Amino acid sequence: MTRLVSPTTPALSVVIPCYNEAACLDVLHARVSGAARAAVGDDYEILLINDGSRDDSWPVMQRLAAADPRLVVINLSRNHGHQLALTAGLDLCSGAQILIIDADLQDPPELLTDMRAAMASQGADVVYAVRRKREGETLFKKATAAAFYRLLDRVTDTAIPLDTGDFRLMSRRALDAFLSMPEQARFIRGMVAWVGFKQIPFPYDRAERHAGETNYPLSKMIRLAFDAVTGFSTAPLRFASHLGLALTGASLLLFLYIAVGFFSGSAVAGWTSTMLVVVLLGAFQMFVLGMIGEYLGRLYVESKRRPLYIVGDVVGPIQGRATLGYRAEEPVGESNVTIETPGDNGTRPTR
Ligand code: UDP
Ligand code: MG
């Protein structure tokens with residue numbers, strides 16, 4: 001894949017996935033350009049990813065790009081969904097800092113300056129925006145979102161920040177670490193949290209959509225929730241073994257009750273043996289199913305082939321922005337590591 005922008009690495013990339021956002025694009029382009037210019041002067045790029053829109057988004061993007069050399073527009077083959085469209089943009093951008101933002105201007109791009117200041121003053125790698133208020137969203141959306149984030153927090157091992165979308169500013173090394181995760185089912189805000197480094201919250205008030213309507217109907221929200229829970233937790237699989245264990249305990253108590261009935265002669269003939277079979281078999285089946293679930297869960301975790309760890313700083317010749325995520329089996333040293341510096345020669349390796 002060839003890069004579409006200047007061969008030098010910009011200070012800032014703004015990555016924006018767009019699905020049916022034609023009515024937002026002009027204002028979006030103006031406001032994001034203004035915010036980027038205020039932050040880094042002319043040293044930025046904006047990437048718009050058209051995620052198979054069914055409206056005029058793509059022609060509008062092409063028109064905007066023709067007039068602005070800092071705008072890169074990417075057209076996906078079809079609608080891949082928000083998380084994959086965003087991944088495409090993150091793969092193709094080359095900035096030293098990366099701002100992720102929605103196309104509908106619910107997240108004000110003007111916060112960029114303050115987010116950069118927070119990143120610099122606190123030495124953070126990720127500044128994630130936390131929603132204080134959500135204007136113009138239905139009670140249902142707010143309630144389901146709140147419930148979802150809290151459920152997620154309970155079942156996952158990775159601490160995923162509450163009430164946080166994908167609106168965030170990232171350093172290049174945090175982004176490269178993120179891009180080293182190959183999984184298909186992507187829950188980006190969780191994956192970024194998994195990467196580690198210093199990540200700080202940035203409270204803000206979420207505005208209403210500039211135009212159009214939400215592209216996250218209930219069905220997509222449910223799919224995202226499943227990706228989030230299954231991508232970061234095997235708790236649902238473990239559920240069967242816990243249930244099996246509880247049932248086994250309960251069936252032992254029942255067993256006593258049945259035995260008392262049998263020996264005191266108060267039980268109906270045949271009831272004892274039937275109950276015994278039903279209760280014990282049910283409990284054992286559930287327990288064995290749970291055991292299988294435990295193995296399946298581990299298999300699943302392994303099959304994701306995530307990098308085992310992400311190296312932070314390296315002192316020596318490969319210091320700095322080029323620090324990528326290494327696999328454990330690759331030796332990290334001064335001499336035997338070759339580093340690709342994305343953007344320096346105007347190309348990025350195709351994944
Ligand atoms: N989006 C996308 N592909 C989709 C759905 C949404 O690229 O299939 C984009 C959309 O254009 C917007 C962002 O993802 O920039 C968030 O979507 P939306 O505003 O509809 O979600 P909400 O803010 O209502 O959760
Ligand atoms: Mg929105």
Side-chain angles (χ1 to χ4, degrees), residues 1-113 115-116 129 166-172 175 179 188 207 209-212 215 342-348 350:
M1 194 174 294
T2 45
R3 290 271 296 133
L4 304 165
V5 282
S6 63
T8 49
T9 301
L12 175 75
S13 297
V14 185
V15 179
I16 315 174
C18 309
Y19 178 62
N20 296 347
E21 303 282 12
C24 296
L25 290 176
D26 283 289
V27 183
L28 173 76
H29 176 233
R31 278 183 60 187
V32 171
S33 301
R37 190 162 289 124
V40 295
D42 277 345
D43 197 13
Y44 68 89
E45 61 173 2
I46 300 173
L47 285 84
L48 297 179
I49 302 92
N50 178 36
D51 186 20
S53 298
R54 279 171 300 174
D55 67 355
D56 283 340
S57 292
W58 181 238
V60 174
M61 283 183 191
Q62 286 173 298
R63 166 170 64 71
L64 288 171
D68 180 359
R70 290 188 180 76
L71 187 61
V72 186
V73 293
I74 295 139
N75 194 28
L76 298 187
S77 59
R78 61 173 171 83
N79 179 256
H80 281 76
H82 178 202
Q83 302 287 297
L84 290 178
L86 185 51
T87 302
L90 294 172
D91 248 329
L92 292 169
C93 75
S94 59
Q97 288 181 341
I98 300 91
L99 179 74
I100 301 174
I101 191 166
D102 282 355
D104 56 11
L105 293 166
Q106 280 191 284
D107 312 318
E110 292 75 22
L111 295 180
L112 173 64
T113 307
M115 290 167 89
R116 288 185 82 235
D166 289 316
F167 182 30
R168 61 189 60 219
L169 182 67
M170 294 170 72
S171 69
R172 170 51 63 179
L175 180 71
L179 290 176
I188 292 180
R209 264 187 160 270
H210 174 71
N215 294 309
D344 281 356
N345 57 0
T347 58
R348 287 209 44 164
T350 314

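For the numbers below, each heavy atom of this structure counts, side chains included, while hydrogens, waters and symmetry mates do not. The shown structure was predicted, so the numbers you read here are calculated from the model rather than taken from an experiment. Sequence positions, counted from 1, serve as the residue numbers for this chain.
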Heavy-atom pair of closest approach, residues T9 and S94: CG2-O, 2.9 Å

Minimum-distance pair of heavy atoms, taken over all atoms of I101 and V14: CG2-CG1, 3.8 Å

Partner residues of R78 under the side chain to side chain contact (heavy atoms under 4.5 Å, CB included) criterion, sequence neighbours left out: H80

Check against side chain to side chain contact (heavy atoms under 4.5 Å, CB included), S13 and L175: CA-CA 11 Å; S13 297; L175 180 71; over 6 Å; no

Residues forming a ring-ring contact (aromatic ring centres under 6.0 Å, His included) with H29, sequence neighbours excluded: none

Partner residues of D43 under the side chain to side chain contact (heavy atoms under 4.5 Å, CB included) criterion, sequence neighbours left out: P10, A11

Euclidean distance, D102 CG relative to I16 CD1, rounded to 0.5 Å: 9.0 Å

side-chain hydrogen bond (donor to acceptor under 3.5 Å, both in side chains) partners of D107, counting only residues at least two apart: Y204, R206

Of all pairs that satisfy ring-ring contact (aromatic ring centres under 6.0 Å, His included), the ones with a partner from residues 41-62, not counting sequence neighbours: none

Which atom of A129 lies closest to which atom of M115, heavy atoms considered: CB-CE, 4.5 Å

Interatomic distance, M170 atom CE to C93 atom SG [nearest 0.5 angstrom]: 9.0 Å

Validation row: V73, N50 side chains within 4.5 angstrom (heavy atoms): no

Results of side chain to side chain contact (heavy atoms under 4.5 Å, CB included) for N79 - residues two or more places apart only: Y19, D51, K220

Non-hydrogen atoms of A65 and L71 that approach each other most closely: N-CD2, 3.6 Å

Those residues that, when tested against A39, pass side chain to side chain contact (heavy atoms under 4.5 Å, CB included) (two or more places apart): L112, T113, R116

Set of salt bridge (Lys or Arg N to Asp or Glu O under 4.0 Å) partners for D104, sequence neighbours left out: R209

Inter-residue atom distance L86.CG - I188.CD1, 0.5 Å rounding: 4.0 Å

Evaluation steps, side chain to side chain donor-acceptor pair (under 3.5 Å), between N75 and Q62: CA-CA 10 Å; N75 194 28; Q62 286 173 298; over 6 Å; no

Selection residues 88-112 - residue pairs positive for ring-ring contact (aromatic ring centres under 6.0 Å, His included), sequence neighbours left out: none

For D26, salt bridge (Lys or Arg N to Asp or Glu O under 4.0 Å) partners two or more places apart: R63

Check: L76 and I49 side chains under 4.5 Å, non-hydrogen atoms: yes

Close side-chain approach of I74 and L47, heavy atoms under 4.5 Å: yes

Heavy-atom side-chain proximity of L12 to E45 below 4.5 angstrom: no

Considering all heavy atoms, the nearest L48-C18 contact: CD2-SG, 4.1 Å

Residue pair Q83 / P17, side-chain heavy-atom distance below 4.5 Å: no

Smallest separation among heavy atoms of A22 and D56, with atom names: CB-C, 3.9 Å

Contact check, side chains of V72 and L92, non-hydrogen atoms, under 4.5 Å: no

Reference residue V15; test side chain to side chain contact (heavy atoms under 4.5 Å, CB included); the match among L99, D91, T87, L90: L90

Worked check of side chain to side chain contact (heavy atoms under 4.5 Å, CB included) between R70 and I46: CA-CA 6 Å; R70 290 188 180 76; I46 300 173; 5.8 Å; no

